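Only a predicted model underlies this, so the values are computations on that prediction, with no experimental measurement involved. The chains referred to below are lettered A, B, ... by the order of the sequence lines, with proteins before strands, and numbering in each begins at 1.
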There are 2 protein chains.
Amino acid sequence: MGILERKEREKEHRREEIIAAAQSIFLDKGLQLATMDEIAEAAELSKGTLYLYYKSKEDLYLAVVMRGVEIMYELFKRATSTGEPVMKLISNLGDAYFEFFKNNWQYFRMMYFRDNPRLHQQVSSEMLNVCLEQDRRVWKLVIDLIQRAIDEGYLQKNISPVQAGIILWSNSTGLMRQMDRGDNYWQEQMGVNLEETLRLSNALLLDAMMTEKAKQEYPSMVI
Amino acid sequence: MGILERKEREKEHRREEIIAAAQSIFLDKGLQLATMDEIAEAAELSKGTLYLYYKSKEDLYLAVVMRGVEIMYELFKRATSTGEPVMKLISNLGDAYFEFFKNNWQYFRMMYFRDNPRLHQQVSSEMLNVCLEQDRRVWKLVIDLIQRAIDEGYLQKNISPVQAGIILWSNSTGLMRQMDRGDNYWQEQMGVNLEETLRLSNALLLDAMMTEKAKQEYPSMVI
DNA sequence: TTAATTAATGACTAACAGTTATTTATTGAG
DNA sequence: CTCAATAAATAACTGTTAGTCATTAATTAA
């Protein structure tokens, strides 16, 4: 009874084709300016068919966002699998996030969607759960790494690894979003280099979190 | 020739009335779900009239956002005008931002709009400039305060006040946005209290920025 | 009183997300 | 091979909404 399986594969394949078409449009125009008709044309399908595979425009959008998260995950995985000492890996992880931003800023922008509760109105709960699950993967990677650094005595025990993760993440994200503004406000009006500011802020946070042992072993990370 | 002036006043008044109506709708429903017809009805005007006063829905939205920024500015002004020592004022400022978030989370959400370049498509350049100008006021307040702390020898000279401001701001904003998620993800799934995390991250950053003198004079701010 | 100017209206258009009745393609039984 | 049943895809359609514009109402100055 291989027919059902083949059909399942073909269905999955079609879902992927639709994502690919949606991706090219969404990355280019963003959620608001992209239209389902346009995506249908790019996918060489009718609009109705799109709705056989995805419940709403927002669902389809999130499916594309998840591809971006996948890219990010792979970058993170690679950056933390070099076998280097744990504090170096944490530093690598920060760099990897910044690399992701620089090379995939369109995906980075698409992700804005995810933390605006107002925009989630049209998203199906299934899709939302799939997203949460994928998030968890990324966060597990981050948190496990920080836990390791604590266990090895490099980061202070009184800060929970989750807290440390959120703090470092929020900080980097906030600064990269400033970089992503259309204008060059900070550079031009204020004479501030945001890339340098990002490095500084990560250094400040890590410096405040590191133990004495870490500061001795990684003098280059001390400010 | 007082007639022209009166007309000018009336026009300004009408603009305010429209903002008031728009505010009640936008705070409630957000940009996407609010409709211009609905706002027109709330303002007891026809939709056409709205467009005599504001160029687009997004322009009107930003006019409302600016009221939120005004509220924030006044809170910041008050928090930093108590005559207390400068490091206490910086701490007050952080608290004031958090208070703003707690008491005006709808405005806080509306402000998401401002750093998504994709959403700005429909905004007139005039409105954008007015916004930039109002931003500058808030930032001047923050940066001047930090500059004072540097001048008085409490914050390290090698960090520019603008950089310090952006870092503290990004960090707080990022964490408050996590708090603003519909779900209680961090609390429920990860057992992390975000309010505590916010305090911690601010403390970490300030600790890393403070001079020895500051740490001696403000032992409570040392971690 | 009236012509001219300004303010306001509401019917209209165009665009777009999402639906549904219909058509086309595929499958499996006789 | 035929044909009924099922699945996949379509395209015309609906409802909603941002934004426009021709028309009407109100105000002003001569």
**Report entry** Under 3.5 Å side-chain donor-acceptor pair for B/T173 and B/S170
**Finding:** no
Within residues 49-67 of chain B, those residues having any heavy atom closer than 4.0 Å to DNA chain D are B/Y51, B/S56, B/K57
| Should the pair A/R67-A/E16 be classified as a salt bridge under the 4.0 Å nitrogen-to-oxygen rule? | yes
Residues of residues 19-44 of chain A with a heavy atom under 4.0 Å from any atom of DNA chain D, listed by number, are none
Atom CZ of A/R14 and atom P of C/dA25 are separated, to the nearest Å, by 13 Å
B/S46 has its side chain closest, among D/dA11, D/dA18, C/dA8, to C/dA8
B/L45 CG to C/dT9 C1', in whole Å, measures 10 Å
Please confirm whether any donor atom in the side chain of B/K47 sits under 3.5 Å from an acceptor in the base of D/dG19, or the reverse.
-> yes
- Below 4.5 Å, heavy atoms only, C-beta onward: do A/Q122 and A/Y61 meet side chain to side chain? no
query: Under 6.0 Å from the six-membered ring centre of A/Y112 and within 45° of its axis: does the NZ or CZ of A/R177 meet both?
result: yes
Tested for side-chain contact (heavy atoms from CB on, under 4.5 Å) against B/P161, the lone hit among B/D144, B/V142, B/I146 is B/I146
Plane angle bin for B/W139 and B/W169 - parallel if under 30°, tilted between 30 and 60°, otherwise perpendicular:
tilted
Note to self: Between B/R136 and B/E133 (salt bridge meaning N to carboxylate O under 4.0 Å), is one present in this structure?
What the structure shows: yes
Original post:
Should the ring pair B/Y97 and B/F100 be called parallel, tilted or perpendicular, given that the plane angle runs from 0 to 90° and is split at 30 and 60?
Top reply: parallel
The nucleotide from D/dA9, C/dA17, D/dA8 with an atom nearest the side chain of A/K11 is D/dA8
